[in-house]
Amino acid sequence: MLPLIHRRPPPERLGRYRRWHARKRAELQAKQTRSATRRAKRQARREARHATHVNHRISKEIVAVAGGTSQAKRWGSTGRGIALEELGGIRDRVRPFRDQRAALSAWPFHQLEQHIRYKARRAGVPVIWVDAHYTSQMCPRCGHTARNNRPVRDAFCCRRCGLAGPADHVAGVNVRNRARSAWVLVNGPVPQKA
């Protein structure tokens, strides 16, 4: 019998949950009473617990797929490792649209990285961090890097070779390629002195 693994909630359900919390938070902040402040703190703790729970589930799924554990039968296993982008200072570098500010600044990316790191260490899955610069602007086929390779936010189209696809997928391929080249340096044989 396969172990019971919880599926991630659909993104629209998670977005609806967060919008509901934001609306309730705004209502409580508008009241400006002590009881409203207490309830707002309680609501914030509940939302933080929910984010932690979702991060645990996502990291468990990623490590299971990368590590080839028995839980990975559901998704398939790569048995290789995990490559993550170095996202230090992401909130300072990225300027999101106004309606995305709350969503991006509220999600604990660092916590997800920590969960992946400790679960991967426990499962014996190697983790490598790669440079995040230009991963969504560089063509994985020909290596051409330009800002106009991304005509719109969600699409990628290389101006040199014509490769087209979803921007997130292209960025993921670039992260994988950088991890593969770094992996050779990390896991390669130690040169012997002559």
Side-chain angles (χ1 to χ4, degrees), residues 3 5-9 11 14 51-96 100 103-147 149-150 153-156 158 160-161 163-193:
I5 297 176
H6 299 288
R7 299 286 303 172
R8 227 178 313 153
L14 189 59
T52 301
H53 176 67
V54 171
N55 278 343
H56 268 297
R57 286 174 25 196
I58 291 170
S59 61
K60 182 178 180 181
E61 190 174 319
I62 289 171
V63 172
V65 169
T69 62
S70 61
Q71 297 171 350
K73 290 179 184 176
R74 183 178 214 162
W75 304 287
S77 170
T78 62
R80 293 187 181 112
I82 300 170
L84 298 172
E85 289 182 332
E86 293 176 5
L87 294 177
I90 187 74
R91 291 191 176 106
D92 300 330
R93 285 181 301 185
V94 176
R95 184 177 169 92
Q100 295 175 330
L104 287 179
S105 61
W107 201 256
F109 298 108
H110 183 68
Q111 184 190 59
L112 177 61
E113 180 184 307
Q114 287 177 328
H115 289 330
I116 290 172
R117 187 184 314 149
Y118 95 80
K119 289 180 184 193
R121 189 178 319 124
R122 183 186 295 169
V125 176
V127 178
I128 191 166
W129 281 265
V130 297
D131 187 20
H133 289 100
Y134 305 110
T135 53
S136 62
Q137 296 176 10
M138 186 175 86
C139 177
R141 185 189 294 162
C142 68
H144 176 65
T145 304
R147 181 173 265 176
N149 280 348
R150 300 261 315 262
R153 194 174 187 119
D154 298 335
F156 178 88
C158 181
R160 185 181 292 166
C161 70
L163 177 74
D168 290 338
H169 179 75
V170 172
V173 171
N174 285 328
V175 168
R176 181 198 64 198
N177 292 344
R178 287 183 185 183
R180 281 182 178 167
S181 62
W183 216 264
V184 172
L185 297 174
V186 171
N187 294 328
V190 177
Q192 300 294 323
K193 293 185 179 181

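Note that these values count all heavy atoms, side chains included, but never hydrogens, waters or copies made by symmetry.
Rounded to the nearest 0.5 angstrom, I116 CD1 and Q111 CD are separated by 11.0 Å. To the nearest 0.5 angstrom, I128 atom CD1 is 10.0 Å from L84 atom CG. Note: D131 CG to N174 CG = 11.5 Å, rounded to the nearest 0.5 Å.
Remark: the backbone N or O of H56 is paired with a side-chain donor or acceptor of K119 at under 3.5 angstrom. Distance alone, capped at 3.5 Å, places no donor-acceptor pair between the N55 side chain and the H115 backbone.
Taking both residues in full, the closest heavy atoms of V175 and E85 are given as CG2-OE2, 3.3 Å, listed atom of the first, atom of the second, then distance. Minimum interatomic distance between A66 and V125 (heavy atoms only, all atoms of both residues): CB-CG1, 4.0 Å. Considering all non-hydrogen atoms of both residues, C139 and C142 come closest at SG-N, 3.5 Å. For R178 against T135, the heavy-atom pair with the smallest separation is NH1-CG2, 3.4 Å. Taking every heavy atom of both residues into account, M138 and G143 meet most closely at CG-O, 3.9 Å.
At least one side-chain heavy atom of R150 sits less than 4.5 Å from a side-chain heavy atom of S136. Contact check for L163 versus P140: side-chain heavy atoms found under the 4.5 Å cut-off.
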* Kindly determine whether V63 and R122 satisfy side-chain contact (heavy atoms from CB on, under 4.5 Å), including the steps that lead there. => CA-CA 10 Å; V63 172; R122 183 186 295 169; over 6 Å; no
* **E113/R117 under salt bridge (Lys or Arg N to Asp or Glu O under 4.0 Å): CA gap, chis, key distance, verdict** => CA-CA 6 Å; E113 180 184 307; R117 187 184 314 149; 2.9 Å; yes
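Within a 6.0 Å radius of NE2 in H169, other residues, nucleotides and ligands contribute 12 heavy atoms or fewer. Crowding of Y134 atom OH: a count of heavy atoms from other residues, nucleotides or ligands under 6.0 Å not exceeding 12.
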